Amino acid sequence: MMNAFLAPIQQWLGPVFPLLWTLLKIVLILVPLMLSVAYLTFWERKVLGWMHVRIGPNRVGPWGLLQPIADGLKLFFKEVILPKVADRELYFVGPVLAIAPALAMWAVIPFSDGWVLANIDAGVLYLLAVGSIGVYGIIIAGWASNSKYAFLGAMRSSAQMISYEVAMGLALISVLMVSSSLNLSAIVHGQAHGYFAAQGIGFLSWNWLPLLPVFAVYLISGVAELNRAPFDVVEGESEIVAGHMVEYSGMSFAMFFLAEYANMILVAAMVSVFFLGGWLSPVGFLPGGFFWLAVKISAVLFFFLWIRATFPRYRYDQIMRLGWKVFVPLTLVWILVVGVWMMSPLTIWK
Amino acid sequence: MEFTTFLFYLFAAVMLFSALRVITARNPVHAVLFLVLAFFNAAGLWLLLQAEFLAIALIMVYVGAVMVLFLFVVMMLDINIERLRHGFWGHLPLGATIGAIMVVEMATVLTGKYFGLSNFPAHALPVGESNTKALARILFTDYVYPFELASVILLVAIIAAVMLTLRHRKDTKGMRPSDQVAVKRSDRLRIVAMASENESPATDSKGGTPL
């Protein structure tokens, strides 16, 4: 039906059609994403408020629902300040480089069966590669601001992100082994089979259960990779004011903000796809679909907000210790365990 | 012109420009970032050649890890921009020689049909198999010993690098979290049983209450 509808348009546009069609799909992903980012900030303030026994934002619009719009407008109309000693070009390249990977990574996330912008074979590698570029935005911003606090924040952040990327990459190796594919849709499909899935309780067949330690490592490393509480020494309000973005104002600050929240949703989506069965339904009698992915992403996002309200900030050396001395060895051992398990007669992956 | 041809020229143009800027940029941090841009476009060119594993590995290893550390070093060094130009003419002969060798090598590959390169046919990729899978299959079957040897050599290099820089300082105040977690109440706190004391109003020597 879709093809019959599209065919005349395709004929009319000719060779430009693939470009426009892809652009349209990108817009269809990014607009809801940006709206989700706006309302995630609102939801975060509300949840934190409730956890602190406060009310949270409730003044703008009904139940405070227009608060993120008002915040956006405020940031939009604020002056963008350029410090006198800043590196003029790189100061503005920083925020762009922070937000671009956060958006580009959405290209390979499957929203439902076949609903993916680029169904590439090396999807996981693409995520790892583009994810590793995100650190440039922060380093460049920290250096170009020409300020001690910003530079310290950038140093902390890049060391932390590089360390936890190692743990995240190693955690994904176990996932690749059990699904024997680098394609994200294939990884989700691989979780639809198994003993429990045949019994109609599919959520026990998802990767999180057989790969439980790796799931925990990936989830916690995700929080560290996002530089969020309790690993938010990058911003460390009490020590270095706000880290790499202390000199930024107006829209250039808003770009960092958008990048952080887009990355949050992205990490939640990756956790859902790799470990929580993506768009699959948890029980046999309900159909799978985008709804379930949205539910899982929301649950993981709530977890991120929850731990922000619960845990005190880690000390920097302990963050590094956790990453290198706990998570990396744990994932390495689990790769071995999964390898032996897959080759043994007790294997649950065929 | 096909879209991929357009992409090729785009990547190639940006790559040449950024490579040129690597050696002409005054600020070393800018030079490093242009090198990153050049790597990125090289990865784009490899993607056009359908070598997606190599392209992504280039970004992951060089752009994502090596260049970040490089950037760290360059940012931390307080480089005097004026003095950077100093040895330009002195280093020119060496640089020109290396450049000439690279040009000759590239020319040999590009004009390979005159040197019998066509005797080595290009590997045809199996249809429907991803580049990554094909590479992994060859690496872990035909070339498993060289591959494992290379990884052992890398491991030795890692351990050597760690040992070279590892110094146990006596005056550090680092704490072991396992010790901290293992602390019991009795290690830190002593509870003393004693009779309760009656609080009586303070009096001065004459027996009256102080004002």
Side-chain angles (χ1 to χ4, degrees), chain A residues 15-19 22 87-90 93-94 97 100-101 108 118 120-136 138-140 142-144 146 151 154-155 157-159 161-163 165-166 169 176 180-183 186 314-315 317-322 324-326, chain B residues 1-4 6-7 21 25-30 32-34 36-37 39-40 43-44 47 50-76 125 128-136 162 172-178 180-181:
Chain A
V16 201
F17 175 77
L19 189 66
T22 314
D87 188 304
R88 203 184 163 78
E89 296 92 30
L90 288 186
V93 168
L97 269 184
V108 292
I120 57 175
D121 271 335
V124 176
L125 286 176
Y126 173 84
L127 282 180
L128 286 173
V130 179
S132 63
I133 302 171
V135 68
Y136 277 99
I138 293 172
I139 304 184
I140 291 176
W143 184 80
N146 215 336
F151 192 57
M155 288 279 130
S157 161
S158 35
M161 285 171 85
I162 290 177
S163 309
E165 254 160 37
V166 176
L176 302 185
S180 63
S181 173
L182 286 165
N183 182 309
Y314 255 68
R315 218 175 55 205
D317 59 320
Q318 290 180 344
I319 292 181
M320 283 300 168
R321 178 187 162 272
L322 184 72
W324 287 104
K325 293 190 177 173
V326 180
Chain B
M1 189 166 68
E2 267 186 70
F3 192 58
T4 45
F6 167 72
L7 281 182
R21 289 293 286 143
R26 292 187 74 80
N27 192 326
V29 173
H30 290 196
V32 172
L33 289 171
F34 274 116
V36 170
L37 187 60
F39 276 141
F40 208 83
L47 270 185
Q50 302 190 332
E52 81 263 9
F53 181 79
L54 276 181
I56 292 176
L58 178 72
I59 291 186
M60 215 151 61
V61 176
Y62 282 92
V63 176
V66 174
M67 293 314 285
V68 173
L69 298 179
F70 211 79
L71 203 55
F72 254 38
V73 175
V74 173
M75 282 176 175
M76 302 267 234
L125 261 188
E129 186 158 75
S130 77
N131 193 291
T132 318
K133 212 169 202 167
L135 191 68
V162 169
T172 128
K173 291 184 177 168
M175 286 170 278
R176 264 188 242 129
S178 50
Q180 290 178 311
V181 171

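The model shown is predicted, which means the values in this text are computed figures rather than measured ones. Note on naming: letters A, B, ... go to the chains in the order of the sequence lines (proteins, then strands), and numbering restarts at 1 for each one.
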Legend entry - Heavy atoms from other residues, nucleotides or ligands near OH of Tyr314(A) exceed 12 (cutoff 6.0 Å):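 No, OH of Tyr314(A) has 12 or fewer neighbouring heavy atoms, counting only those of other groups under 6.0 Å.
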Inset, instruction - Return yes when atom CZ of Phe40(B) has more than 12 non-hydrogen atoms of other residues, nucleotides or ligands closer than 6.0 Å, and no otherwise. - result: no
Contact origin within [X] toward chain B - heavy atom pairs under 4.5 Å:
X	result
Leu125(A)	both
Leu128(A)	both
Asp87(A)	side chain
Ser181(A)	neither
Ile139(A)	both

Inset, instruction - Take Trp143(A) and Met76(B), measure what side chain to side chain contact (heavy atoms under 4.5 Å, CB included) needs, and give me the verdict at the end. - result: CA-CA 10 Å; Trp143(A) 184 80; Met76(B) 302 267 234; over 6 Å; no
Interatomic spacing from [atom1] in [X] to [atom2] in [Y] - rounded to 0.5 Å:
X	Y	atom1	atom2	answer
Ser132(A)	Met67(B)	OG	CE	13.0 Å
Leu127(A)	Met60(B)	CG	CE	11.0 Å
Leu182(A)	Phe53(B)	CG	CZ	8.5 Å
Glu89(A)	Leu33(B)	CD	CG	11.5 Å
Leu90(A)	His30(B)	CG	NE2	4.0 Å

Inset, instruction - Give the minimum heavy-atom separation between Ala122(A) and Thr132(B), together with the two atoms involved. - result: CB-OG1, 4.4 Å
Inset, instruction - Check Tyr136(A) against Leu71(B) and note the closest heavy-atom contact, atom names and distance. - result: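 For Tyr136(A) and Leu71(B), the tightest heavy-atom pair comes out as CE2-CD2, 3.8 Å.
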Inset, instruction - Check whether Val61(B) gets within reach of chain A through its side chain, its backbone, both or neither, counting any heavy atom under 4.5 Å. - result: neither
Inset, instruction - Tell me, for Ile56(B) versus chain A, whether the close heavy atoms (under 4.5 Å) come from the side chain, the backbone, both or neither. - result: both
Legend entry - Pair Val68(B)-Met161(A), side chain to side chain contact (heavy atoms under 4.5 Å, CB included): steps then yes or no: CA-CA 11 Å; Val68(B) 173; Met161(A) 285 171 85; over 6 Å; no
Inset, instruction - Could you tell me whether the side chain of Tyr126(A) reaches within less than 4.5 Å of the side chain of Glu52(B), counting heavy atoms only? - result: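 Counting from C-beta outward, Glu52(B) and Tyr126(A) never come under 4.5 Å.
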Inset, instruction - Might you work through the side chain to side chain contact (heavy atoms under 4.5 Å, CB included) test for Met75(B) and Phe151(A), ending with a clear yes or no? - result: CA-CA 9 Å; Met75(B) 282 176 175; Phe151(A) 192 57; 3.9 Å; yes
